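A short write-up of the structure that comes next.
To find a chain, count down the sequence lines: A is the first, B the second, and so on, and within it residues start at 1. Treat the numbers as computed from the prediction; the structure is a model and nothing was measured.
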Amino acid sequence: MQTMDKPQDAVASPAEAAAAPVAPVEAERVAHDTVGDVTAKNVVICVREANVYYGDTHALINVSLDIGRNEVIALIGPSGCGKSTFLRCLNRMNDTIESARVTGDFRLDGQDMYARDTDVVMLRARVGMVFQKPNPFPKSIYENVAYGARLHGLAANRAELDDIVYGSLERAGLVDEVKNRLDDPGTGLSGGQQQRLCIARTIAVNPEVILMDEPCSALDPIATARIEDLIDELSEKYAIAIVTHSMQQAARVSNRTAYFHLGRIIEVGPTDRIFTNPAHKLTEDYVTGRFG
Amino acid sequence: MRLPTLLLILAAMLIAAYFLGRQRALSLARPAGGIRSLHSLPKYYGYYAALGALLPGVALLLMWAAFSDSLITARVVQSLPDTLRNQPEAQLGLTLNDIRNLAAGQMFDETRSAEFAVAADLYNSLREASRKILSGLVIALSFGGFALAWFQLRPQFRARNRVESAVRFMLILASLLAIVTTIGILLSVSFEALRFFRQVPVSEFLFGLSWSPQTAIRADQVGSSGAFGAVPLFVGTLLISGIALLVAVPIGLMIAIYLSEYARPALRRIVKPVLEVLAGIPTVVYGYFAALTVAPMIRLAGQQLGLDVASEAALGAGLVMGIMIIPFVSSLSDDAINAVPQAMRDGSFALGATRSETIKRVVLPAALPGIVGGVLLAASRAIGETMIVVMAAGLSANLSFNPLESVTTVTVQIVTLLVGDQEFDSPKTLAAFALGLMLFIVTLILNIVALQVVRRYREQYE
């Protein structure tokens, strides 16, 4: 019998890992094949036993994880391990993929995200997303930020809309760079500015959670540093889940880290513990750079 | 030797030259250490030898075709007696025509004098001699070219580079051919149009409000003074094309949106080719449909509503033409919508936009230049379309914007002006060329605008 705190055999394949018996500590709230505590204080998103299939491919297997308010959780792991798939489940972006099938219990503030009567439009307004490649609309900078606010009728008149746009640009740390050229196309900005524009666009809708799918992978180090600072500031107001391939980035910006491997969460824990004292052999191999 | 025989011999020499050249490369390579000592693969030496055999002969053939007839004709004219030779130019042309026909044995006119028979015999013998000389020269040149190529072949000879530059030259020639043809068409229409404008002022043609091209052939004919104001024709063209676009643009756009954003891939794979079949239906068949089915339907519907509908109403031709150009709009718009990156849609969805909001606010604006390009292409197609309007639109040039009246179009008038026996120096016939020139210019401008718009579109996201 292995217990939660002891690492499993390093050579155990994921299939064996799944079959290996695990001590039923708080069975209700803890996934049976994840090391560490998947729960969080002040939960905003709670996921239990999530499975995702793309056609015949089982992309996400029995994943359970909580995301708390004001926390930044980093999702790390090798390519194809399911971290982006998991992220896209949290605002139902997988709905746009025809072959994808999602099962499990997803709750946002206790409400079932995948219930029949859930309005996916409202869900996405509350759980915003920033993508890997900056994708500003081919519209002006102003219109890019105003887009979501217009959709959801957040502003009653032009003055309120102006406030939302300026406020969002300010919080995204972009306002000084663009305030004199709000009518220029958003696609004319630099890559890092475009990504901050996309963040401004997301926070203009006033979400509770912001999902970030490798937001810095297309950016240079200076632009990356600015985004990381921004994530730090935003975490005072929003819960942030960030997928990243950079372990330094995960270590710099996050409070908690979840390590994904072949569709499972292998280990979850406070970031400093994951990087200094990982409990699972797979996690240790990954964070010390032995593979991945 | 007849031309086909000569061409067959040339082809045989070509193939022989290829194999001989290749063989020579191989035998040159053997003492030097095999194929690897050659600069190029053996087949390129074969190609080079074949090109050597082909190009000089073909060049001579083309030159001969261009100049031999005028040389022969000059000789025949010289042999003619003074009475015939010193005729005015037009008359001389007719005489030569008679001689040629006589030589071909197509005309036997008892009244022609013996001088004609002599000239015809001379013409025939000259042509026969010309053919013999040509055959001999072509074969000799081909041999010479081949021999020249053969003696150039060395292991270090850059045969591949030579062959490739010859191929590049042929490709350039092929693309020049299309451009030269366009220019040729434009010039041939322009010259006739200029002759027309010498008789009818440009201003009257461009701004005149009445079109009635029947001119008096004899002085005693009445009521046919001729009026060449093209405005009613262009208004009619505009009206019918406008109706066509009113049909095609909304329907085509909706089809494109459905296919690219809503339809399942399996359905899309079936529907898209079927739609493109619409563009492949011969326009004559559309013409039947317009004249026999749609026009009577519109007339009937109009009568029930108490409207006075002409049986050749612009509406019928316009509707059917609109159906014809739907595929242009739908296919090009579909391509433009598909070219909008998925990241744009994802970005919009992630902000809580519905599918329809995403299409209206992000996808369509981003695809707009491509869609406009498609619409302009469809418009130039509609303006130049002939068969449907010939069959379903009217002949009388009414200056009217009422779709229930009968109007005529530029293309219909060109057809009616040129059908049947024509005299090529009356403004009535020449007017057809002026109309054609105008039409050419209008569609050319539309096409250039469309291409520009589409080009700008390519710079959208990068």
Side-chain angles (χ1 to χ4, degrees), chain A residues 87-88 90-99 119-140 143-154 168 185-188 194-195 197-207 209-213 218, chain B residues 256-272 333-374 452-462:
Chain A
L87 200 71
R88 289 172 68 91
L90 301 183
N91 68 345
R92 291 186 57 175
M93 284 301 283
N94 281 329
D95 289 10
T96 60
I97 300 170
E98 289 231 350
S99 62
D119 184 0
V120 69
V121 166
M122 287 320 295
L123 170 68
R124 288 181 188 150
R126 292 167 67 187
V127 184
M129 188 163 197
V130 176
F131 296 85
Q132 184 172 356
K133 215 179 139 210
N135 58 348
F137 303 127
K139 298 173 182 288
S140 71
E143 285 301 323
N144 260 287
V145 183
Y147 183 83
R150 281 190 205 275
L151 283 181
H152 300 293
L154 299 184
S168 307
T187 44
Q194 286 188 13
Q195 195 62 297
L197 179 64
C198 291
I199 292 173
R201 185 174 78 181
T202 305
I203 55 188
V205 197
N206 210 8
V209 183
I210 300 177
L211 310 173
M212 296 188 176
D213 190 356
Chain B
I257 291 171
Y258 174 71
L259 281 185
S260 56
E261 297 291 322
Y262 290 99
R264 291 170 165 281
L267 184 74
R268 183 186 148 80
R269 266 199 302 279
I270 298 168
V271 172
K272 216 181 167 194
S333 303
D334 183 49
D335 290 346
I337 291 174
N338 268 324
V340 175
Q342 182 63 30
M344 297 289 141
R345 297 186 182 87
D346 282 351
S348 176
F349 288 143
L351 288 170
T354 63
R355 193 175 279 271
S356 114
E357 284 165 341
T358 302
I359 292 167
K360 279 184 298 202
R361 298 188 181 208
V362 174
V363 176
L364 284 185
L368 194 64
I371 293 169
V372 170
Q452 286 297 326
V453 171
V454 172
R455 193 166 300 152
R456 231 202 77 216
Y457 167 64
R458 290 209 185 97
E459 300 163 0
Q460 273 282 299
Y461 313 107
E462 301 305 330

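Nearest heavy-atom pair, B/A350 versus A/M129, reported as atom, atom and distance to 0.1 Å: CB-CB, 3.8 Å.
Looking at A/R88, the atoms closer than 4.5 Å to chain B (heavy atoms on both sides) all sit in the side chain, from C-beta outward. Interface remark: A/Q132 contributes no atoms to any contact with chain B (heavy atom separation under 4.5 Å). Neither the backbone nor the side chain of A/P134 has a heavy atom closer than 4.5 Å to any heavy atom of chain B. Both the backbone and the side chain of A/F137 come within contact range of chain B, each with at least one heavy atom under 4.5 Å from a heavy atom of that chain. Proximity to chain B (any heavy atom under 4.5 Å) is restricted, for A/V127, to the backbone atoms N, CA, C and O.
A/Y147 has its side chain within reach of B/V362: a pair of non-hydrogen atoms, C-beta onward, lies under 4.5 Å apart. Inter-residue side-chain proximity for B/M344 and A/P138 is flagged as met; some heavy-atom pair is nearer than 4.5 Å.
For residues 262-269 of chain B, the interface with chain A (any heavy-atom pair closer than 4.5 Å) comprises B/R264, sorted by residue number.
Ranking A/D119, A/V120, A/V121 against chain B, the residue ahead of the rest is A/V121, based on heavy-atom pairs under 4.5 Å.
Taking CZ of B/F349 as the reference point, atom CG of A/N91 lies at 12.0 Å (rounded to 0.5 Å). Between A/L151 atom CG and B/T358 atom OG1 the span is 7.5 Å, to the nearest 0.5 Å.
Side-chain N or O atoms of A/K139 include one that pairs as donor or acceptor with a backbone N or O of B/R361 at under 3.5 Å. In this structure a side-chain-to-backbone donor-acceptor pair under 3.5 Å is present from A/N135 to B/A343. Under a 3.5 Å cut-off, the side chain of A/H152 and the backbone N or O of B/L351 do form a donor-acceptor pair.
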Exercise. Apply the test side chain to side chain contact (heavy atoms under 4.5 Å, CB included) to residues B/R345 and A/T96: give CA-CA distance (whole Å), side-chain angles for both, the deciding distance (0.1 Å), then the verdict.
Key: CA-CA 10 Å; B/R345 297 186 182 87; A/T96 60; over 6 Å; no

